[in-house]
Amino acid sequence: MDKYEQVIELAKRRGFLWNSFELYGGTAGFYDYGPLGSTLKRRIEQIWRETYVVQEGYMEIEAPTIGIEEVFVASGHVGGFSDPLCECKCCGEAFRADHLVDKIVAVADSLNNEELDKVIKENNVKCPECEGDLGETYEFNLMFKTNIGPGAGRQGYMRPETAQGMFVDFLRLARFYREKLPFGATQIGKSYRNEISPRQGVIRLREFTQAEAEIFIDPNDKKHANFSRFANTVINLYSDEGQDREEVEKMPLGEAVKNGIIAHEFLAYQIGLTNHFLQRVGITADKLRFRQHKKDEMAHYAIDCWDAEIETDRFGWVEVVGIADRTDYDLKAHAGVSKTELSIYREYSEPKIVTQFVVKPNMGKLGPLFKGKAKAVADALKALGQAELEQDNITVVVDGEEFTVPGEIVEFADETVKISGENIIPHVIEPSYGIDRIFYSTMEHAFEEEMVAGKEDTEEEARIVMRLRKEVAPVQVAILPLLTREELINPAKSIEIQLKQKGLLVSYDDSGTIGRRYRRNDEIGTPYSVTIDYDTLEDNSVTIRDRDNMKQIRAPMEGIADLLHELIYMGKDFESAGKAL
RNA sequence: GCGGCUGUGGUUUAGUGGUAUGACCGGAGCUUCCCAAGCUCUGAACUCGGGUUCGAAUCCCGGCAGCCGCACCA
């Protein structure tokens, strides 16, 4: 049994992860989060919110999970997220139909399926593997399609990423942030991709949770105001160049920016933040690295892109976060499809006084002369220089047609104008998190099986313990009366109420022996157990047990809720929190 | 989607053409003053569908799911 199997087995047994629709045989690519899994996941998300929304100030929005066609035309998902596939009738291999014919026709990727089939047939293209006949081309789009409204309605798609919601709301967001860069917005929610063959548990799902931030920054200023926070943070960097040598370098972020390894401060800050977040939810530092996209794998519009990768036992390095400088690509794309300018006005610190050469065609005269072509002629005139305009008859060519314009109806001059600012299209920095993958990694890195002494020094036995960070553990305190006796149950119940009022996640358990209950809680990662025994009735004190080292202290019942709260959230030292036992 | 392997209580496992073994587990009770103790009782399974057969969980075919490889993975 490898670690993946052990973790998945535990997750299933203890209510973290269940295969969806199991009652009906299950469906690949979907998982249910059980009671503990759901809680753990929410706590990871909560820390993400704390990091990005509260600390960084990138407010959360909530856009629909169903999107309309235009959005995904602009994002490129309608065209680029689907591939024309055709399969060999003989060996069953699937191929990209457009790739098969790209040597035959130059514009292979712009052909539709019928045209592709025609080219394949006419040129007698065969299966590259076995020379067999090829079947018909069909479209495979990774987006789930749906209909909006009754009847034919309108084509809708389940969103394949949450990012588009922030882009579509750009103008509203800009207004909300009083049109001052940088600003950002976040979204945590479900995304959907109809993967061909999802596998590897929760690593590749058809419905998964993303947490994304879209941060809009000044394209001319990619410094980060708070960069000093991470300038000295040492990160495992697996750079483009480092990958050629298969070498991960440990380097402070400040140095990486200075050396030009990371494109700029803003991106480096995001890497620092991601590193901070992942370790806070329990990812082991030396199983975490940042891998730079190689030039050829990076989207053509991106300047620089780094993936946070986590090492897992079975799957090796798994990509869990992508951090990219997407430039102005997305805003430009949406501006194009929506025919709306998506930019922000930036005032100069001092207005610029510029001398411009201005051409002013007299439209009152151009109109009657050129009728419908007048506008095009005027535009052509505006592109000319002084020398050409000074002629008596000016010749311009519009749509291959030559027009002669009398010089006297075109005025031009050098004019001095004051320009106090400009419209700029912000660049987008995008950290994009796969929460489910982080969830799994958190569990795997917390999972440990150790040998401990058994009862009364019998031989050693295995103890499974989930060393989840206290902040993310789905149960924070177990309340255990030592024996199932009413006189112990009553004070235990009263402690349970106190802790719940303090907002702690508690679980009361009086079934089975105390040792069994400790082990049950070790397995689900409960950091502290509070045991009520007969001494409690004498002196109002209880035992608190630490999950990680099984050590115990004695602390008064009075103020127990505050004490546990401090242990869990304030990093209070355990052994000095009470009398050691 | 293609190919290979696999599928027995919640978990894990034995086994066979005649309805299934054990362990852990869960529940009730007894016992028990701190690390999966013990005792009693109890709960719970042959992945689904079709075929062959008097009879299928076992043999055959197909579906589904899991794992591995290929392809795919903005």
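The chains referred to below are lettered A, B, ... by the order of the sequence lines, with proteins before strands, and numbering in each begins at 1. Owing to the predicted nature of the structure, the values given are computational and were not obtained by experimental measurement.
- Residues meeting the side-chain contact (heavy atoms from CB on, under 4.5 Å) test with A:Thr27, sequence neighbours left out: A:Phe21, A:Phe30.
- Using a 4.0 Å cut-off on heavy atoms, the residues of residues 307-325 of chain A that approach RNA chain B are A:Arg314, A:Phe315, listed by number.
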N/O-N/O pairs, protein side and nucleotides 21-26 of chain B side, under 3.5 Å:
residue: B:C25; atom: OP1; partner: A:Arg516; partner atom: NH1; Å: 2.4
residue: B:G26; atom: OP1; partner: A:Arg520; partner atom: NH1; Å: 2.4
residue: B:G26; atom: OP2; partner: A:Arg516; partner atom: NH1; Å: 3.3

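- Under the salt bridge (Lys or Arg N to Asp or Glu O under 4.0 Å) criterion, A:Arg517 pairs with no residue, sequence neighbours left out.
- Residues passing the salt bridge (Lys or Arg N to Asp or Glu O under 4.0 Å) test with A:Asp548 are A:Arg467, sequence neighbours excluded.
- In summary, A:Arg519 and A:Glu461 engage in a salt bridge, as defined by a charged side-chain N under 4.0 Å from a carboxylate O.
- For the segment residues 23-32 of chain A, the set of residues with a heavy atom within less than 4.0 Å of an atom of RNA chain B comprises A:Gly25, A:Gly26, A:Thr27, A:Ala28, in numerical order.
- Under the side-chain contact (heavy atoms from CB on, under 4.5 Å) criterion, A:Leu581 pairs with A:Thr543, A:Gln552, A:Arg554, not counting sequence neighbours.
- Shown here are the salt bridge (Lys or Arg N to Asp or Glu O under 4.0 Å) partners of A:Glu523, two or more places apart in sequence or in another chain: A:Arg13, A:Arg14.
- A salt bridge between A:Glu195 and A:Arg206 is absent, with no side-chain N of the basic residue lying under 4.0 Å from a carboxylate O of the acidic one.
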Protein and nucleotides 60-63 of chain B: nitrogen or oxygen contacts under 3.5 angstrom:
none

Report, one pair per line, the protein and nucleotides 7-11 of chain B atoms (nitrogen or oxygen only) whose separation is under 3.5 Å.
residue: B:U11; atom: O2'; partner: A:Glu9; partner atom: OE2; Å: 2.8

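- Taking the side-chain contact (heavy atoms from CB on, under 4.5 Å) definition, one finds that A:Thr327 meets it with A:Tyr301, A:Ile303, A:Asp325, A:Tyr329, A:His427, sequence neighbours left out.
- Listed by chain and number, the residues in a side-chain contact (heavy atoms from CB on, under 4.5 Å) with A:Ala492 are A:Ile479, A:Pro481, A:Tyr508, A:Ile532 (sequence neighbours excluded).
- For the C1' atoms, the distance linking B:U12 with B:C25 amounts to 10 Å, nearest Å.
- Phosphate proximity of B:C34 to A:Thr543: absent, as no side-chain N or O sits under 4.0 Å from OP1 or OP2.
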